[in-house]
Number of protein chains: 4
Amino acid sequence: MSSGKKKLLINTDAGIDDAQAILMALNDPDVEVVAITTSHGNTFEHHVCRNVLRLLKMAGRLDIPVYRGAAKSLIGESITGIYYHGSDGFGDVSDPEAPELTHAESEHAVLAIIRMAKKYSGELILIQLAPATNIALALRIDPDLGRKFKACYMMGGNYEGKGNITNSAEFNFHSDPEAAAVVLEELSCPLYLVCWELCLKHILTWMIYKDSDHYVTADQLVMAIVLDREAVIKKEKLVHCDVEISGKHSRGSMIVSWPSPLQQPPQDKQQRCIHLILEINHDLFSEMLLKATD
Amino acid sequence: MSSGKKKLLINTDAGIDDAQAILMALNDPDVEVVAITTSHGNTFEHHVCRNVLRLLKMAGRLDIPVYRGAAKSLIGESITGIYYHGSDGFGDVSDPEAPELTHAESEHAVLAIIRMAKKYSGELILIQLAPATNIALALRIDPDLGRKFKACYMMGGNYEGKGNITNSAEFNFHSDPEAAAVVLEELSCPLYLVCWELCLKHILTWMIYKDSDHYVTADQLVMAIVLDREAVIKKEKLVHCDVEISGKHSRGSMIVSWPSPLQQPPQDKQQRCIHLILEINHDLFSEMLLKATD
Amino acid sequence: MSSGKKKLLINTDAGIDDAQAILMALNDPDVEVVAITTSHGNTFEHHVCRNVLRLLKMAGRLDIPVYRGAAKSLIGESITGIYYHGSDGFGDVSDPEAPELTHAESEHAVLAIIRMAKKYSGELILIQLAPATNIALALRIDPDLGRKFKACYMMGGNYEGKGNITNSAEFNFHSDPEAAAVVLEELSCPLYLVCWELCLKHILTWMIYKDSDHYVTADQLVMAIVLDREAVIKKEKLVHCDVEISGKHSRGSMIVSWPSPLQQPPQDKQQRCIHLILEINHDLFSEMLLKATD
Amino acid sequence: MSSGKKKLLINTDAGIDDAQAILMALNDPDVEVVAITTSHGNTFEHHVCRNVLRLLKMAGRLDIPVYRGAAKSLIGESITGIYYHGSDGFGDVSDPEAPELTHAESEHAVLAIIRMAKKYSGELILIQLAPATNIALALRIDPDLGRKFKACYMMGGNYEGKGNITNSAEFNFHSDPEAAAVVLEELSCPLYLVCWELCLKHILTWMIYKDSDHYVTADQLVMAIVLDREAVIKKEKLVHCDVEISGKHSRGSMIVSWPSPLQQPPQDKQQRCIHLILEINHDLFSEMLLKATD
Ligand SMILES: [Ca+2]
Ligand SMILES: [Ca+2]
Ligand SMILES: [Ca+2]
Ligand SMILES: [Ca+2]
């Protein structure tokens, strides 16, 4: 019954790095992209939706359904600026041929996520490349959602106190800290987290390698791990993580319950743990990136 | 096409005062209870659902559909104690004849709210007697939800800094402060708010009147206002209100942007205002209560 | 040895209402103003100091020592605007005859407070008309400070959720919430608190009485109570109060542990209680004000 | 007039690691310990004072004056448990010969700090091995305090999000976050900060080296840097740091304004920067430790 391919549901705020990650998936013959859901994030959700449709059209894959999701964070915060890649998140290149937003499905992303997790129960892999609002909302309506996914691969957070949108917080988590906290706590499938510091290490390596300017490779790293987890990940740790939702300086920062280096007590069994990825195979990832962007 | 009756959608965490409020609605010939949605609150959501089904059975009105809603707050907080009216919220009276939870509809309360608001657009009145989680979730999925309701009548919050669950916060708002904030900010229909201090004034009057013990009349007051707004409300003010979502002592408290008594500047037109009810006709309400509880 | 007069130590951020309060004290033959300490608040501390010196010169009382105090709040916040009564807090009237700041004593206000509380142990009355920084600092260095004062009369806070500098907070408490919290918790002498809502009631009465514009009578009310407590206070309640030091909307607001109107449980004996003043004799206070401002 | 020796003022919450650090200073012929001030921290301040007196007696240096300081944090928090090294911070070894607390000076630590900074202006080096309460209080009373110190060497905070008392916070900063923030922001002398992660690196090295159990070397590292800064520090960075004073998970954590690894913009010149120490000479420090503990 199963096609044998990896079935992906991609939640995105595309974004050029999201777009490359999606292309990596589309180009892999062992992957089936079941659906794409859109989220506020780098830019407004309506720009994100248009960007995804343009990408799918360019790739000749407008058959993949696109579901429109949350335009605000869980508690109602809107984006207050345009963050990266121009005001539309795609470098503001005029595109008169872009598909209309009406090409997106009428079903809301949150309901589509709930429905597909049930339909492909045990098979579907969630790729979380954006603020986590859509997933947190789906969890509120279907508390068992996590058990239906095979796994979740997520970009967000930080494990050494380094931020990229504030001094203490990474962009995706900062854009919806409450949603990030809900997902880390309640999405009960195996969860692989790619944090900002891990991306940063590769960015620095990559800049030397390519003698290039700044070039973010965050969402692409998530996808590389999805495509070849065993080979790409060199080190991970199973740990509990919290997300700070208040504070004067720390909203959106991630706090890791590191096992003590001094005593090594067993982790509290009650606490939900995630796979925090700590080292990757830089050369392999660089190859995968070069191939994808050729 | 319209029946001419007031069409009510009731969101409840019943609770004995919720139950009386619902009975007041069922006994009014000019009212049609279109649906009841259940919420965590006074007790666990599954107790609430059973309580509502028992009530409807007792009233011979199991034809009214019951939709089960959120078991946790928007950001994932669960109730940590049983607050009022025994562990099941209904005084823990054994009831072997109670209907099974399977009598409730399979559609989730959030989706039912969105669907009915659309179906009865412009006609439906939302009665909000519980933590606001279900409504906030519905707003996240349908940002236009507010425009579809005729009005919302809501129990919660406080306008003179008096709490009932903490020193600074009222129970419904404290049980889900983020949801309360979302509803006050984003539910764009006329919103009538019955706060704790208003209930408290009537409770004190009522205790003298009935020579009775403590007897909470909060949700019943909301319903009395729904049934005869012009007669019951003696004074209201159109003001902006915020809900505190963090703080060492203040989580869940409400902050009113009172117009200054000294200068009377015009309110900021950008800010969403609600109808804060400040005085009621105590005698009329007492009569309505006595009639309903006969 | 004692003169039989009330011995006052006045902590001020003058301010026109502070100035009138000080004059009320200077004009009372049964009162001895032992010292005045200055604080940041309505304006910068150096303006406050100059204002106090001008006032004392005008009153022919430069014999009263003035000690300069905190220029910032306990945790280091500076005033970010000039709040009332012009940029110097005294209406910005040029005064070439104003005494130099060097007329103030060289001893720091905090040390003077500690020294005088000890010197006049059991006799000294602390009049707290400003942000509470100086007092909180003195308490940190001398934890027994409170036992040495006869009483403290303090302007600040709110008991019905009404603010004057934000929607939730009164000016003195908002200017240094941590210091206000320290004083309410740790200053162990009898403490009489005049909150914003009480002042507001009199202001509204007074505006009708005098057919005048806005005219703040906060610090003067504190002084009236000092001068004739039995006659001025009509109602008070002994309660525990907290000050909110964080929060999105509530920093600086006061939270009262009201005894429940429903059950009347005994107050937690462990908790420090203060005299919260709830009603005053408006006519008497108005007379005192008229006399003082003639 | 100057003795040519390094003049140290040591603020401590001794603590076995504090004690070793103090011994390192006493044993160095080029160092003069001008005074020791005591602070709440690892244990109650009166235990700390006794520990310091026992240490000085043992070393035959009761000539060094000891000034007793803050028993609570800036905003009034008391220690709620005994953290390390037994209930008295010194392993609870009975010592009938211990000097009485009355051997300490009567002047308060905060006043002694202010006085000595003035007396030895430009020469005195502040060694900050405890919660920063005493220093923050001194800064409130003498805002120019920082300019009078030659330098400050401080143990506390974290720069990679690792805590030792909570998942996000280091002990000294967590014990008084507001004081730590005040010192980092307002103490204007050159400030060298030894954070928890740096200590942890040496602890792990040291455990292998000595084949020993857990052995904390935090305060000793500060002192090693004081004694031979050029040789011990291998890498430092001049950065702005904030301390989180609120938050659900982050109270007491430190946030570093790292210069961006991607663009390297000049630091905001307005922001106060400190010397964050990032690498030390482990071998040299181990030698110094062995010599001191022989
Ligand atoms: Ca993205
Ligand atoms: Ca209810
Ligand atoms: Ca004042
Ligand atoms: Ca220490």
*Asks:* For the candidates B:G163, B:G247, B:S253, which exhibits the highest count of non-hydrogen atom pairs separated by less than 4.5 Å from chain C?
*Replies:*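 Ranked by heavy-atom pairs under 4.5 Å with chain C, first place is B:G247.
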*Asks:* With only heavy atoms counted, which part of B:T166 is less than 4.5 Å from chain C, the side chain, the backbone, both or neither?
*Replies:*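 Contact with chain C involves no heavy atom of B:T166 at all.
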*Asks:* Got a second to check how far C:E197's CD is from B:E160's CD, nearest 0.5 Å?
*Replies:*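 Between atom CD of C:E197 and atom CD of B:E160 there are 9.0 Å.
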*Asks:* With rounding to the nearest 0.5 Å, note down the distance linking OG in B:S246 to NZ in C:K248.
*Replies:* 8.0 Å
*Asks:* Taking atom CG of C:D242 and atom OG of B:S168, what is their separation to the nearest 0.5 Å?
*Replies:*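 Going from the CG atom of C:D242 to the OG atom of B:S168 covers 9.0 Å.
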*Asks:* I need the minimum non-hydrogen distance between C:V256 and B:N167, along with the two atoms involved.
*Replies:* O-CB, 3.7 Å
*Asks:* Tell me which of these, B:R251, B:K162, B:M254, B:H249, has more heavy-atom pairs under 4.5 Å with chain C than the rest.
*Replies:*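 Looking at each of B:R251, B:K162, B:M254, B:H249 in turn, B:H249 comes out on top.
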